[in-house]
Protein chains: 2
Amino acid sequence: MVEFDRCGINCIHEEAVKAVKEVLFSEDVAISLAELFKALGDPTRVKILFSLMTRELCVCDISAVIGASESAVSHQLKILRTLRLVKYRRDGKILYYSLADDHVEKLFIQGLEHVTE
Amino acid sequence: MVEFDRCGINCIHEEAVKAVKEVLFSEDVAISLAELFKALGDPTRVKILFSLMTRELCVCDISAVIGASESAVSHQLKILRTLRLVKYRRDGKILYYSLADDHVEKLFIQGLEHVTE
DNA sequence: AATATATATGAATATTTGCTCATATGTACT
DNA sequence: AGTACATATGAGCAAATATTCATATATATT
């Protein structure tokens, strides 16, 4: 077994590093989690999602509510769709967007708990 | 009162827009929330935080566990510190980092629920 | 004081990202 | 078929970001 001695005796805690590494999830999971949080990590997307917590809305409504161009909203909605955070139904020319499930709400509640503390 | 008619009758749902706007949190809260999630939205920081879920670790340990340079880890730790996601205690030359509270764990659990579904 | 070590910080750089503008797609209506 | 409208998409650009490298700071040891 290779000794870990890049730092002095007191720095690298060999057992700790090994123990943590054993528990560590896969690289893939880390990346997926980061992607999810990154999607939530933009003011425009936060506002879109928060708007949708109230009720389903079309792109045009969202644009009016949050004060962003329809194109910008559409681009952001694509990201949220890809991550299955929102879904939509079509009614004629209009697409009504809504939250895909209750995960976003739960994450927002947890997040707000941290932010407003 | 100003009529909202940028789109045709069927597009902008005036009552919906007004109702949602009334409920909408402040711009500041949206930005704070986005900042929090953005901090969680990077693979390196996800790995750092996940490592710390196991036990407290020094910078050097974290670097070894996640396979990133100590400088990179230190830079990311600064961001996590600023957002009060991690704290540290000093023991001589070594700084031991740990999670600031249980918010991160809760957010990760919620996030994983969405990702692994 | 001088040296070594653990970590922090600043500058520089390459990549990513969010927006705008122009254009395309899909649906409804005539 | 042709027009209008709601939304999507692609290219281009400015701003943000994560890393590396060099240097600074803080603590311990001699």
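This one's a predicted model, so the numbers in the text were calculated from it and none came from an experiment. Labels below follow one simple rule: chain letters A, B, ... track the order of the sequence lines, proteins then strands, and each chain is numbered from 1.
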d(CG, A:L57; C1', D:dA6) in whole Å = 15 Å

By salt bridge (charged side-chain N to carboxylate O under 4.0 Å, His left out) - contacts of A:K106 (at least two apart) = A:D102

For A:R81, all residues meeting side chain to side chain donor-acceptor pair (under 3.5 Å), sequence neighbours excluded = A:Y97

What pairs with A:H114 under side chain to side chain donor-acceptor pair (under 3.5 Å), at least two apart in sequence or on another chain?
-> B:H103

Salt bridge check: are B:E56 and B:R89 linked by an N-O gap of less than 4.0 Å?
-> yes

Rounded to the nearest angstrom, tell me the gap between atom NZ in A:K93 and atom C1' in C:dA28.
-> 6 Å

Listed by chain and number, what are the side chain to side chain donor-acceptor pair (under 3.5 Å) partners of B:R90, not counting sequence neighbours?
-> none

How many Å lie between CD1 on B:I94 and P on C:dT5, as a whole number?
-> 13 Å

Should A:K78 be listed as having a side-chain N or O under 4.0 Å from OP1 or OP2 of D:dA8?
-> no

Any residue of residues 81-91 of chain A with a heavy atom less than 4.0 Å from an atom of DNA chain D | A:R81

Provide, to the nearest angstrom, the distance between the OH atom belonging to B:Y97 and the C1' atom belonging to C:dT7.
-> 8 Å

Sequence neighbours left out, what passes side chain to side chain contact (heavy atoms under 4.5 Å, CB included) with A:A100? Give chain and number order.
-> none

Sorted by chain and residue number, the side chain to side chain contact (heavy atoms under 4.5 Å, CB included) partners of A:T82 (sequence neighbours excluded) come out as A:K78

For A:I62, the option from A:L77, A:T44, A:L49 that meets side-chain contact (heavy atoms from CB on, under 4.5 Å) | A:L77

Rounded to whole Å, CD of B:E56 lies from C1' of C:dT7 at a distance of 16 Å

With the sugar-phosphate defined as primed atoms, P, OP1 and OP2, and the base as all remaining atoms, what B/S/- string results for nucleotides 17-23 of chain C, 5' to 3', for protein heavy atoms under 4.0 Å?
-> SSSBB--

Nearest-Å distance for atom pair CD/C1', residues B:E70 and C:dT9 | 15 Å

Take atom CD1 of A:I62 and atom P of D:dT7, then tell me their distance rounded to the nearest Å.
-> 9 Å

Which residues satisfy the side chain to side chain donor-acceptor pair (under 3.5 Å) test with A:Q76, sequence neighbours excluded?
-> A:R45

Give the rounded distance in Å between these two atoms: NZ of B:K47 and P of D:dT19.
-> 9 Å

